[in-house]
There are 2 protein chains.
Amino acid sequence: MLNYSTSEENYIKAIFHLQQEDGTVTTNELAAELKTKPASVTDMMKKLKTKKLVHYEAYHGFRLSNEGKKLALIIIRRHRLWEFFLAEKLKFSWEEVHAVAEDLEHVSSKKLIDKLDEFLGFPRFDPHGDPIPDANGRIETSKQVCLTELPLNKTAIVCHVSDQSSEMLEVLGHKNIMIGTRLEVKKRFDFDNSLEIKTGKQAATTISDQLARNIYVKTA
Amino acid sequence: MLNYSTSEENYIKAIFHLQQEDGTVTTNELAAELKTKPASVTDMMKKLKTKKLVHYEAYHGFRLSNEGKKLALIIIRRHRLWEFFLAEKLKFSWEEVHAVAEDLEHVSSKKLIDKLDEFLGFPRFDPHGDPIPDANGRIETSKQVCLTELPLNKTAIVCHVSDQSSEMLEVLGHKNIMIGTRLEVKKRFDFDNSLEIKTGKQAATTISDQLARNIYVKTA
DNA sequence: AAATATTTTTAGACAAACCTAAAAAGAATT
DNA sequence: AATTCTTTTTAGGTTTGTCTAAAAATATTT
C-alpha cells in the first residue's frame, strides 16, 4: 500500500461516505462536502483516476474502485479507533473527539493502528456508535444506536449497556434483557417517551425512557 | 498561539537542537540536519523571520526568538509524550518510537497533549531518557542516562530502576541505593564493566555491569 | 427540437515548499 | 591587500493543491 497525502485521503473518505447513499457521486456534491470548489474536485479526480482509486469519466460522476474502498476503510478505521481512544482513555467528550481524530487519522503507520487497536481491546464501535473496521478492512454493516432511536418494529440485538449499576442490572434481569437479546420496539408513548418492547415469544414489557437511554442495540 | 505547518515545525525543532551546541546556527548546518538544500533553508528563514520565530540577518546565521523557543518546546513536548505513550502503552520498542512520533508530533491540539500527559501520569523522561517539557514549557536541564554511561566523578541522582524484582531490590537495599540517592562513579573496570561507586560519606562499593544497566540517573 | 439553465471542465494564476544554477558576500590564503 | 575558496543568497523553475473566470457538456424547460 502506497502513501497518500492528507488531501487525497480526505477526498477518498468523503467519496466513500457520499456513495453510501448515492451510489455515484457528483462534482458539486463532493465540493460541498469538502468545502472546496468544483474545479478543485475535477483536478483531484483526474489525479485519483490515474492512481486507480476512483472510476471516473468526465461529466459522469465517480465512485471508488476496489483499491479506493480498501483505502477508505483504512482511513475510517484509523479515525474511529482514535475517537475511541480519545473518549475512553483521555476522557474527551463525545462531541470533541471528531475534530481531533480528523488530524490523527492521517498518521499512516499500520503498526501504530494495529497496536492501538489491541491496546484498546479491539473495540467494535466508536463513541458515536459507528462500527470500526478490523485490521483486514472488514466492517459491520449496522450502526450501533441507542434504543431510544430504534425505529418501530425493527428487530435489533442488545450489544451494550452504558450504566452497569446493580440497580440497572436488577431491572434488566427482571425483564430478561441482556447482551445478545433480540428485541423490537412496538410502541413509543409520547407522554413520557416510554417504550413497549417485545423480546422473542414473551409478553411485551414497558421500558422507561431513562432505562432505554442506557441500552444500545444494533439492527440484525 | 497560531498554527504552523509541518515543515515550519520541523525547521523550528531542528534549529532548537542545533543551537543547543552552537549558539547560532548556519544555513549549511541546518540544510544538512533536515536533508534539504541551502537555498530552501534561506527561503524558510525569510518566512520564519517575518513570523518573528527566528532572529536572522542575511549571511550571519540565525537563532530562535523567545517565541520560537516556546514553539520548539511545545513540539518537543508533543514528540516525547507520544514516544512515551508508544513505548509504555503500545509496547513499541525503544528504537521504533522515534519515527512514529515524528508524525504524531504535528497534531497540534493543546488539549490532546495535556490530556495525554495526564493519562500517562505526567512522565518526566521519554524512553531515550530525554526530559519532557511540562504544559508551561519548563524542561529539566539534564538528560536521564543509564548508570553505565555516567562519566567518572560526575555527581548524579538515581531516578529510576527498570527491574523491580525482589532480587534486584535486595542488592540495592544492601548497598543503600534507592531513588534519590546521590552518587558518583569512581572507577570503571574494563575487564567486566563493573563500577566502583561512592554514595555520600559511605565507603565505596562495587556494582556489577548487570546491576548498573538497570539503574538510571540524572546529573544534578 | 430549440432555448435556457445548470453542471462540469478547462485555462490560467497563486501560495507553499522544494529544487538547480548563477551571483554575491564573507572568510581564508598568500 | 589581492586572490581564491566557501558559504549564502538570488533568480527562476517544479509540484501539489487550491482558486476564479470562461468555455463546454449535459439537463431542463418551453
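All chains are named by letter (A, B, ...) in the order of the sequence lines, taking the proteins before the strands, and each is independently numbered beginning at 1. What you see is a predicted model; the values in this text were computed from it and never measured.
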For this session: Classify the nucleic acid contact of A/A58 as base, sugar-phosphate or nothing, counting any heavy atom under 4.0 Å across all strands shown.
Result: sugar-phosphate
Exercise. Between D/dT7 atom P and B/M45 atom CE, what is the distance in whole Å?
Worked result: 18 Å
Exercise. Which of these nucleotides, C/dG26, C/dC19, C/dT10, is closest to any side-chain atom of B/D43?
Worked result: C/dC19
For this session: Report yes if at least one side-chain N or O of B/S7 is closer than 4.0 Å to OP1 or OP2 of C/dA16; otherwise report no.
Result: no
Exercise. Between C/dT7 atom C1' and A/F62 atom CZ, what is the distance in whole Å?
Worked result: 12 Å
For this session: Answer with base, sugar-phosphate or nothing: what part of the nucleic acid does B/Y56 contact at a heavy-atom distance below 4.0 Å?
Result: sugar-phosphate
Exercise. Does NZ or CZ of A/K89 come closer than 6.0 Å to the centre of the six-membered ring of A/F119, within 45° of the ring's axis?
Worked result: yes
Seminar exercise, completed: Out of C/dT8, D/dC19, D/dT8, minimum distance to the side chain of A/T26 belongs to C/dT8
For this session: Could you tell me whether B/T42 contacts a base, only the sugar-phosphate backbone, or nothing, with contacts defined as non-hydrogen atoms closer than 4.0 Å?
Result: base
Problem set entry | Closest listed nucleotide, where the reference is the side chain of A/N28 and the choices are C/dT10, D/dT9, C/dT8 | C/dT8
For this session: Starting at atom CG of A/N10, determine the distance to atom P of D/dT16, rounded to an integer number of angstrom.
Result: 17 Å
Exercise. What is the distance from NZ of B/K35 to C1' of C/dC18, rounded to the nearest Å?
Worked result: 17 Å
For this session: Mind listing the closest non-hydrogen atom pair of A/I179 and A/H160 along with its distance?
Result: CD1-N, 3.6 Å
For this session: Can you label the angle between the B/H128 ring and the B/W94 ring as parallel, tilted or perpendicular, going by 30° and 60°?
Result: perpendicular
For this session: Tell me which of A/Y59 and A/Y11 sits closer to the 5' end of DNA chain D, going by the nucleotide each one is nearest to.
Result: A/Y11
Problem set entry | A/Y4 OH to D/dT16 P, straight-line distance once rounded to whole Å | 14 Å
Seminar exercise, completed: The nucleotide from D/dT20, C/dA21, C/dC18 with an atom nearest the side chain of B/M44 is C/dC18
Exercise. For B/F92, is the NZ or CZ atom of A/K115 found under 6.0 angstrom from the centre of its six-membered ring and inside 45 degrees of the ring axis?
Worked result: yes
Problem set entry | For atom CD of B/E29 and atom C1' of D/dT7, their distance in whole Å | 12 Å
Seminar exercise, completed: Here the distance between atom P of D/dT16 and atom CD of A/E8, to the nearest Å, is 9 Å
Problem set entry | A/K37 side chain, from C-beta outward: closest of D/dT20, D/dT18, C/dT20 | D/dT20
Exercise. Does the side chain of B/E96 reach to within under 4.5 Å of the side chain of A/K111, using non-hydrogen atoms?
Worked result: yes
Exercise. Reckon B/S40 touches a base, only the sugar-phosphate, or nothing at all at heavy-atom distances under 4.0 Å?
Worked result: base
For this session: Starting at atom NZ of A/K46, determine the distance to atom C1' of D/dT18, rounded to an integer number of angstrom.
Result: 14 Å
